[in-house]
Amino acid sequence: MTSEIDVDMPICDRKIKVRVTSRDDGDMDVEIVSDCPALKHYSENLKRITLDDITNFETSTINKEAVRGNMSMICTAPIAVYQAAWLECGMLSSNI
C-alpha cells in the first residue's frame, strides 16, 4: 500500500507531494516530489523511515538537521512526511 499527501504552500507558492510505502521489514520508503529547490537535499536524504521516526519526534530522522539541510523552518514537508507515514500505518484516517 502507498499513502500520499499533497501540500500547496501559499507562503512560498510551492507544491509538495509525499508518498510513503510500507516495506516487508516494517520500515517505510519515502518519496518527496516538489518544485522547491530547497527540498532537493531533503528528498535525497530521506528515503527510508522507521516506526520510531514517526512516533518519537525528538530523535526522528525526519527532523535531523543533516537531513533537513537548508530548508526553511516553516516548510511543511516534514509534517507531510509524518502525516503520510501515519496514514500508511493506520494512525490517521484517510477520510480527513
Side-chain angles (χ1 to χ4, degrees):
M1 188 169 114
T2 298
S3 296
E4 189 173 293
I5 299 288
D6 291 316
V7 179
D8 291 327
M9 290 283 297
I11 292 173
C12 61
D13 200 30
R14 300 290 185 171
K15 300 199 181 317
I16 305 165
K17 181 181 294 283
V18 176
R19 289 184 194 96
V20 173
T21 306
S22 295
R23 299 169 52 96
D24 291 337
D25 63 5
D27 288 353
M28 292 164 271
D29 290 322
V30 178
E31 180 186 3
I32 301 169
V33 178
S34 178
D35 59 349
C36 177
L39 286 181
K40 184 177 190 309
H41 180 269
Y42 191 60
S43 66
E44 290 172 351
N45 288 290
L46 189 66
K47 295 291 187 186
R48 188 172 181 176
I49 57 175
T50 66
L51 185 59
D52 191 53
D53 287 323
I54 66 169
T55 57
N56 190 339
F57 188 81
E58 293 173 350
T59 62
S60 176
T61 302
I62 299 166
N63 299 319
K64 285 187 179 174
E65 190 174 332
V67 174
R68 289 179 62 103
N70 67 345
M71 65 191 285
S72 170
M73 292 300 292
I74 63 169
C75 182
T76 60
I79 300 303
V81 172
Y82 278 109
Q83 289 181 341
W86 291 338
L87 187 61
E88 184 68 6
C89 291
M91 297 167 56
L92 184 67
S93 172
S94 61
N95 294 328
I96 294 178

Restricting to pairs with a member in residues 61-79, which pass salt bridge (Lys or Arg N to Asp or Glu O under 4.0 Å), not counting sequence neighbours?
-> none
Asn63 side chain to Phe57 backbone, donor-acceptor under 3.5 Å = yes
Rounded distance [0.5 Å steps], CG in Asp53 versus CG in Leu46 = 8.0 Å
Side chain to side chain, Cys36 and Ile16, heavy atoms closer than 4.5 Å = no
Under the salt bridge (Lys or Arg N to Asp or Glu O under 4.0 Å) rule, what pairs show up with a residue in residues 28-42, not counting sequence neighbours?
-> Arg19-Glu31, Arg23-Asp29, Lys40-Glu44
How long is the gap from NZ on Lys15 to OG on Ser34, to the nearest 0.5 Å?
-> 10.0 Å
Side-chain touch Ile62/Tyr42, heavy atoms, less than 4.5 angstrom = yes
Ala80 to Val7 - nearest heavy-atom pair and separation | CB-CG2, 3.7 Å
Close side-chain approach of Lys47 to Val30, heavy-atom, < 4.5 Å | no
Linking I/L/V/M/F/W/Y whenever their side-chain heavy atoms sit closer than 4.5 Å, directly or via other members, would Val20 and Leu51 fall into one cluster?
-> yes
Would you mind reporting whether Met91 and Ile54 have side-chain heavy atoms less than 4.5 Å apart?
-> yes
Distance from Asp25 atom CG to Arg48 atom CZ, nearest 0.5 Å?
-> 4.5 Å
Go through the steps for Met71 and His41 under the test side-chain contact (heavy atoms from CB on, under 4.5 Å), then give the verdict.
-> CA-CA 8 Å; Met71 65 191 285; His41 180 269; over 6 Å; no
Taking all non-hydrogen atoms of both residues, which atom of Leu39 and which atom of Ala77 are closest, and how far apart?
-> CD2-CB, 3.9 Å
Distance in Å, Met1 CE paired with Ser94 OG, rounded so as to fall on 0.5 Å steps = 7.5 Å
For the side chain to side chain contact (heavy atoms under 4.5 Å, CB included) test, which of Val81, Ile79, Leu87 pairs with Gln83?
-> Ile79
Could you verify whether a donor N or O on one side chain and an acceptor N or O on the other, from Ser60 and Tyr82, lie under 3.5 Å apart?
-> yes
Check: Cys89 and Met28 side chains under 4.5 Å, non-hydrogen atoms = yes
What heavy-atom pair brings Ser3 and Ala84 nearest, and what distance separates the two atoms?
-> CB-O, 3.4 Å
Which distance, rounded to the nearest 0.5 Å, do you find between the CE of Met9 and the CD1 of Ile74?
-> 5.5 Å
